[in-house]
Number of protein chains: 2
Amino acid sequence: MILDSETKAVELPDDHGTELRLWLRLLTCTTLIEGEVRSQLREKFDVTLPRFDLMAQLDKVSDGMTLSDLSKRMMVSNGNVTGLVERLVESGHLDRRTSETDRRVQFIRLTKLGRAEFRKMAAEHEKWIADIFGDLSPKDIRELMRLLAKAKGSAQRSAKARTA
Amino acid sequence: MILDSETKAVELPDDHGTELRLWLRLLTCTTLIEGEVRSQLREKFDVTLPRFDLMAQLDKVSDGMTLSDLSKRMMVSNGNVTGLVERLVESGHLDRRTSETDRRVQFIRLTKLGRAEFRKMAAEHEKWIADIFGDLSPKDIRELMRLLAKAKGSAQRSAKARTA
DNA sequence: GCCAATTGCTTGAAGTTTAAAGAAATTGCA
DNA sequence: TGCAATTTCTTTAAACTTCAAGCAATTGGC
């Protein structure tokens with residue numbers, strides 16, 4: 001171990017251990033919560049997380065959304081959304097309509113049933129989340145929000161630089 | 001909108017909007033980084049993230065690990081690990097050996113090839129992660145670590161209470 | 001108007017994931 | 001010992017996911 005004059009561990013120039021540990025902790029935290037939400041959705045409403053997420057995107061708008069919009073917002077592939085939508089139309093939660101000005105485009109909307117069911121689930125979901133973060137003070141939450149925003153910005157900068 | 005005497009928004013008793021927003025931000029952040037890591041692993045090493053994760057668990061120990069240990073540490077189902085290990089044994093990265101004292105138990109280890117390939121990937125991986133979090137100061141990282149630990153504890157408390 | 005490039009979506013193959021059921025082995029306790 | 005409960009792992013079906021290839025429609029030069 002390399003020690004400096006104050007007998008404190010000094011990092012090697014290429015030691016990126018703290019960032020790696022941060023990433024693992026972030027991932028663990030998210031996986032844990034995601035698993036919890038997934039279990040609750042299945043137990044209480046017999047619905048999968050991807051379906052809930054998709055409906056959540058659609059609930060934000062009143063007049064529908066294209067498949068591309070959905071895949072961008074959900075950060076998943078286009079083909080993935082095609083399948084999800086297909087199954088949700090099948091079950092009567094969604095409604096799809098081809099655009100009249102561009103016949104490639106499909107507008108997807110929640111049906112009355114879909115919106116009603118989603119609203120019920122969303123209300124419960126919000127309570128689960130509140131309980132999951134229940135030990136955090138308002139200040140903790142504000143700080144986490146701020147730092148995660150910074151992390152997100154950093155990650156986007158990094159991704160963009162790579163693809164550029 | 002309900003306003004108090006200081007003309008500041010007051011939260012309704014059941015408003016859990018801040019926790020929900022925190023969760024969405026946490027999820028977005030993780031998904032973003034995970035996608036980035038996934039792309040890099042595919043591009044640079046033609047390997048999937050689940051395989052990398054599994055090898056990462058095994059690299060931490062010298063003498064192997066059981067399937068159950070793996071599934072607990074990776075926080076995925078047992079059957080999932082069975083399939084992943086199967087494919088990695090097939091490709092020569094892993095070695096499986098039945099325990100002599102308990103014939104239900106399989107010890108899984110990295111082969112020489114597996115460990116060598118993993119080490120190469122891990123070194124690059126650490127650099128990607130460092131770059132992804134590059135805009136965060138050491139203090140930001142410490143704070144995030146602390147708050148995420150608190151969030152993790154809170155989520156575990158919540159999950160435990162539910163299953164109890 | 002023509003047509004190459006782009007855009008929106010679907011399809012197919014391979015892989016990952018879960019939940020649930022089941023098989024095999026071990027453990028613990030009466 | 002006997003055997004019920006538990007543990008470890010596998011299997012199965014259905015769903016989810018990505019990537020890449022492909023189809024159809026539109027757009028943007030020319």
Side-chain angles (χ1 to χ4, degrees), chain A residues 27 30-32 34-55 64-91 93-94 96-108 163, chain B residues 30-32 34-55 57 64-91 93-94 96-108 163:
Chain A
L27 189 55
T30 301
T31 305
L32 187 62
E34 199 176 293
E36 188 60 14
V37 171
R38 196 186 297 277
S39 296
Q40 296 261 32
L41 283 174
R42 172 168 291 275
E43 279 176 34
K44 306 288 199 304
F45 300 107
D46 194 33
V47 75
T48 64
L49 185 52
R51 289 181 199 208
F52 179 80
D53 284 344
L54 196 152
M55 289 196 274
M65 201 180 262
T66 69
L67 286 183
S68 293
D69 287 341
L70 275 172
S71 80
K72 264 178 220 121
R73 285 180 190 244
M74 295 178 71
M75 297 197 283
V76 299
S77 69
N78 236 318
N80 189 353
V81 174
T82 295
L84 277 171
V85 166
E86 152 115 32
R87 288 182 285 272
L88 281 165
V89 167
E90 176 71 21
S91 63
H93 294 85
L94 301 187
R96 77 196 306 171
R97 205 162 35 79
T98 303
S99 162
E100 291 178 6
T101 59
D102 185 340
R103 274 178 297 175
R104 290 169 306 178
V105 176
Q106 306 271 342
F107 286 109
I108 313 296
T163 352
Chain B
T30 301
T31 305
L32 188 63
E34 198 175 296
E36 188 60 16
V37 171
R38 195 186 298 277
S39 296
Q40 296 261 31
L41 283 174
R42 171 169 291 275
E43 279 177 34
K44 306 288 198 306
F45 300 107
D46 193 33
V47 75
T48 64
L49 185 52
R51 290 179 198 209
F52 179 80
D53 284 344
L54 197 153
M55 290 195 273
Q57 293 301 327
M65 202 180 261
T66 69
L67 285 183
S68 290
D69 286 341
L70 275 172
S71 79
K72 264 178 220 120
R73 286 180 191 248
M74 295 177 71
M75 297 197 282
V76 299
S77 70
N78 235 320
N80 188 352
V81 174
T82 295
L84 276 172
V85 165
E86 152 117 34
R87 287 183 285 272
L88 281 165
V89 167
E90 176 71 22
S91 63
H93 294 85
L94 301 187
R96 78 195 305 170
R97 205 161 37 78
T98 303
S99 162
E100 291 177 5
T101 59
D102 185 339
R103 273 179 298 174
R104 289 169 306 178
V105 176
Q106 307 270 342
F107 285 110
I108 314 295
T163 351

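Owing to the predicted nature of the structure, the values given are computational and were not obtained by experimental measurement. Here is how names work: the chains are called A, B, and so on, in the same order as the sequence lines, proteins then strands, and each is numbered from 1.
With contacts defined as side-chain heavy-atom distances shorter than 4.5 Å, the pair A:Leu41/A:Arg51 does not qualify.
Counting any heavy atom pair closer than 4.0 Å across all strands shown, B:Thr101 reaches sugar-phosphate atoms only and no base atom.
Contact annotation: B:Thr82 side-chain N/O to D:dT11 OP1/OP2 distance is not under 4.0 Å. The phosphate of D:dC16 has OP1 or OP2 within less than 4.0 Å of a side-chain N or O from A:Arg87. Applying the 4.0 Å criterion to OP1 and OP2 of C:dT16, one finds that B:Thr48 has a side-chain N or O inside that range. Between C:dC9 and A:Ser68, a contact under 4.0 Å exists linking OP1 or OP2 to a side-chain N or O. Between A:Asn80 and D:dC16 there is no side-chain N or O to OP1 or OP2 distance below 4.0 Å. Dashed line: the shortest gap from a side-chain N or O of B:Arg42 to OP1 or OP2 of D:dA20 is not under 4.0 Å. Distances shorter than 4.0 Å separate some side-chain N or O of B:Arg51 from OP1 or OP2 on C:dT16.
Nearest-nucleotide positions on DNA chain C place A:Leu67 closer to the 5' end than the other of B:Val81 and A:Leu67. Where A:Glu100 and A:Met75 each meet DNA chain D at their nearest nucleotide, the meeting point lying more 5' is that of A:Met75.
Within 6.0 Å of CD on A:Glu43 lie more than 12 heavy atoms contributed by other residues, nucleotides or ligands.
Distance, B:Leu84 CG to C:dG15 P: 11 Å, rounded to whole Å. One atom, CG of B:Asp102, and another, P of C:dA23, lie 19 Å apart when rounded to the nearest Å. In this structure, A:Arg103 places its CZ atom 14 Å from C1' of D:dC23, rounding to the nearest Å. Counting to the nearest Å, the P atom of C:dC9 and the CG atom of A:Asp69 are 8 Å from each other. The nearest whole Å value for the distance from the CD atom in B:Gln40 to the P atom in D:dC19 is 13 Å. In this structure, A:Arg38 places its CZ atom 11 Å from C1' of C:dA19, rounding to the nearest Å. Taking atom CG of A:Leu54 as the reference point, atom C1' of D:dA15 lies 14 Å away to the nearest angstrom. The distance between atom CG of A:Leu70 and atom C1' of C:dT7, rounded to the nearest whole Å, is 17 Å.
At a cut-off of 3.5 angstrom, counting only N and O atoms as typed in the model, there is no donor on one side facing an acceptor on the other between the side-chain of B:Arg104 and the base of C:dT26.
Here the closest heavy-atom approach between residue B:Leu67 and residue B:Val81 is recorded as CD2-CG1, 3.5 Å. Across all their heavy atoms, A:Ser71 and A:Ser77 have their closest contact at CB-O, 3.9 Å.
Counting only heavy atoms from C-beta on, B:Asn78 has its side chain closest to D:dC9 among C:dT10, C:dT17, D:dC9.
At distances below 3.5 Å, at least one donor-acceptor pair connects side-chain atoms of B:Ser91 with backbone N or O atoms of B:Leu88.
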